[in-house]
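So that the names make sense, note that chain A is the first sequence line, chain B the second, and so on, each numbered from 1. FYI, side chains are in, hydrogens and waters are out, and symmetry mates aren't considered; it's all heavy atoms of this structure. Note that the coordinates shown come from a computational prediction; the quantities given were computed from them, not determined experimentally.
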Amino acid sequence: MPTTYDPRAVEDKWYRYWEEGKFFHAKVDAARKPFCIVMPPPNVTGQLHMGHALDNTLQDILTRWRRMQGYNALWMPGTDHAGIATQAKVEEQLAKEGLTKFDLGREKFLARVWAWKEQYGGRITHQLRRLGASCDWDRERFTMDEGCSAAVREVFVRLYEQGLIYRDYYITNWCPRCHTTISDIEVEHQDQPGQLYYVRYPVKGGGSLTVATTRPETMLGDVAVAVHPEDERYRHLVGKTLILPLVGREMPVIADEYVDPAFGTGAVKITPAHDPNDFEVGRRHNLPQVKVIDQDARMTDEAGEYKGMDRWECRKQIVRELKAQGLLEKVEDIGHAVGHCYRCRTVIEPMLSRQWFVRMKPLAGPAIRAAREGELRFVPERFSKIYLNWMENIRDWCISRQLWWGHRIPVWYCRDCGEMIVSRQAPQQCRCGGSRLEQDPDVLDTWFSSALWPFSTLGWPEKTPELDYFYPTSVLVTGRDIIFFWVARMIFSGLNFMNAVPFREIFIHGLVLDALGRKMSKSLGNGVDPIDIIESHGADSLRFMLITGNTPGNDLRFHFERLDGARNFANKIWNASRFALMNLGDDQPEAAPDEALTLADRWILSRYQAVVRDVTAYLEAYELGEAARVLYEFIWNEFCDWYIELVKPRLYARDESPAARQDRAVARDVLSRVLRGAMELLHPFMPFITEEIWQRLPRRGPTIMLAPWPVYRAEQRDQTAEAEMETLMEIIRAIRHIRNEMNVPPGKKADAVLVAPQENLRRLAVAWPGYIEGLAACRLQVLPALAERPAQAAHAVAGGAEIFVPLKGLIDLDRETARLEKELAVLGKDLARVRGKLGNAAFLSKAPAAVVEKERAKETELAVKYGAVEKRLSILRG
RNA sequence: GGGAGCAUAGCUCAGCCGGGAGAGCGCCUGCCUUACAAGCAGGAGGUCACAGGUUCGAUCCCUGUUGCUCCCA
């Protein structure tokens, strides 16, 4: 085995072994308890980014852990057709050929997209494999495969029949570049500097009314000016007629509660066709809708002489003319939130158009109840507030998109009679007998199909055994950025169509940010490619780095130093295993009888049990970072730094006596048991290296993936061994400290005298002399008392004993005195604090007895130490 | 305007049920000790943002303030 761990040499090998062995595959089995996670489907033609890496690492940890626990674990993978994103990529590609989608036509264009999907569709799933994802690839799904498409049509028709889908004219968010409507949550609001223009509108018959607007170009579509009904300044003008400047249209002054009297002048121009609020006002007051901006964000015929102008050009032109006519009162700089397309960052144009909507209120009710009544649990809990807040203020969902790539809306229009047919299958004929049917050209919002993911992937609308067995799924793992887009929609869809929540728990994680705390983004170029990291550091290191030092729901900064730390940990494991394997020999070690165990054996076995308990408990609580930390500390600090060091002399001994041989066998057994157990506990986190090592250890079964998860056994805890080891470790640390402080050369053995009046302590030190002598590099003498205290010696108090390290000639008395004085000061401070507490009657009467007892013990210990150090100092001072 | 989060060592972050704080990295000292220098041993470094409150006791619970981040309108 090489001295450094090389992930490249093992990762692909094991992944292939697992996949070919079908270890990821879950079959319905009523005799076993199911565990199921559906993977948030990544964009089918996308590439793995750090967000995916984190999300899927968390899912893989949970899945592998539950699988080892004996659950029938299904992690359902798949990909999303990602309407706008995928279509945009293909359009880009066409543009390079000098073509547009219209040159090809719908059918040929779609063929191109499918070809694109075939070409890149496997990329991301391949990348997930490199991460180690143990999902059931045999069940992989795609949101536009036949089954999912059938589910989409079924849902659309049923919602329509429930009266929950309607078609209407409405203001929607139009992206002039993507040429489609997008839903409210797909609009990203950004605070930007802008101008507030104060424009004077003449009142018919004399006078004027000044309105403030950030979008003067929309005035061409104005049909009224609104003021607040209780605004004294304008009450006399309500009902009067205004002349719209530049256009000459006559329009009324109306009163509406929507107006904020404190903003601008308190008078608002109303443009129902180009502003969502104005649209509502227009409806309330039966105002006409004048559309002055078109799908390319250019001015329409209605804009008169401005026709054909770009919206920003038109704004400039209108401002110029208003100024020229003396109608522009003033211009103020303000900051305001401007909506941008989440895909292409183009400024959204609110546009009046006819779209399909889902009526949300009836669907939101059960979704709210499920969260309130605990059928759904968010981890961390606070995200339920965010979810509820959104659900309770829900607005209807615009589901139609003016795209070609996606699920086409299953609605046909009869060209003969105008009848609208909503149907699961393409109808042949209209009721009127006509057969000239045309399908709605629009497709559905991509999230419409992903909302069905937890049941469509399990076979719905068919009644499949999978659906029966795995639904509701166990937990959903996803980023906090798509709670609204996806999580919320799956919940109301599941409740409406399955009569049950799609998952019982929702484990939300934060975002992976760059080292400076910024979101990773293409435009900033600050993204880190997980595949690069896997190649340089290994998938295990990446996974470990992503989950340690992070707490559920919090964002995580990507630091390369932390990655090195994870890589070093892998290397540490590797080398500890090398040590073990080099010393285990070929024979299967026999189980060591309890009475043959040394203190170190009993200690490490007991500590191992504590780790089994803690890791399992942390996993149950979704505290994966804490679970990993416990393992890290156990493996590095306890197993490597102490146990391996203590076991070395036993394994290296040349002694061939029966006792020595047995002791060696015991050591081998304990070493391999603890290492194997540690690998099993670590496997969900670092699947590759643990499999590599596990396979080389004495084991049972074809793969660590299917090894039973270690179960905590309280009877294997050994509190005595833990306490005794702790005492010896304290003594060893004290001697090492002295050696370092006194500059004893590392190769030189020191003499150490352990003075302990307590017999049990002396017995302990004598029983395991090699521990202290070996790990502190000294010759040890154990005494109940010292007749004469050596002046030429360094001193320490540890584990309830006094330690002297005679250093004739080597010791610098001043230095030793200073060291002890410092220690005495610290002890004195601690002692004063404890005594203060114990002197407080309220503390004694009100604090729990155990706490008081603990303080008392602390006082005794500190007092002994203090006394010893004080005495020592007086001797040194002569 | 509404909501959420964060503030702990030089840096990045943990810290459960309230009982005087931890890790990694960095820094200092000494070591190539045959598992590992991606390592070993030792060490320095903190008014737990600020002000109140509850409590015998607060980094932790409550209120307010300040600063930063995010979401929604």
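Closest non-hydrogen pair, Glu11(A) versus Asp540(A), comes out as OE2-N, 3.6 Å. Arg215(A) and Pro350(A) make their closest contact through NH1-CD, 3.8 Å (heavy atoms, listed as atom of the first residue, atom of the second, distance).
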Exercise answer: donor-acceptor pairs, residues 568-576 of chain A side-chain atoms, under 3.5 Å, sequence neighbours excluded:
unit_1, atom_1, unit_2, atom_2, d
Asn571(A), OD1, Tyr5(A), N, 2.9
Trp574(A), NE1, Pro2(A), O, 2.8
Asn575(A), OD1, Arg578(A), NH1, 2.6
Asn575(A), ND2, Thr3(A), O, 3.1
Asn575(A), ND2, Asn571(A), O, 3.0

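A heavy-atom distance below 4.5 Å is not found between the side chains of Leu388(A) and Phe378(A). Considering only heavy atoms from C-beta on, Arg650(A) comes within 4.5 Å of Val647(A) through its side chain.
In textbook terms, a nucleotide whose glycosidic angle is within 90° of 0 is syn, while C27(B), being further out, is anti.
Using N1 to N3 plus N6-O4 or O6-N4 for Watson-Crick, or N1-O2 and O6-N3 for G-U wobble, each under 3.5 Å, U47(B) pairs with nothing. Applying the Watson-Crick and G-U wobble criteria (two distances, each under 3.5 Å), C60(B) pairs with nothing in any strand.
Listed in residue order, the members of residues 607-632 of chain A having a heavy atom less than 4.0 Å from RNA chain B are Tyr618(A), Glu626(A), Tyr632(A). Near RNA chain B, meaning a heavy atom under 4.0 Å away, the residues from residues 637-646 of chain A are Cys640(A), Asp641(A), Ile644(A), Glu645(A).
Whole-Å rounding puts the Met729(A) CE to A41(B) P distance at 11 Å. When rounded to the nearest whole Å, the span between OH of Tyr387(A) and C1' of C70(B) equals 21 Å.
The gap from the C1' atom of C72(B) to that of C16(B) amounts to 32 Å, rounded to the nearest Å.
Side-chain contact annotation: Ser536(A) with Arg567(A), donor-acceptor N/O pair under 3.5 Å absent.
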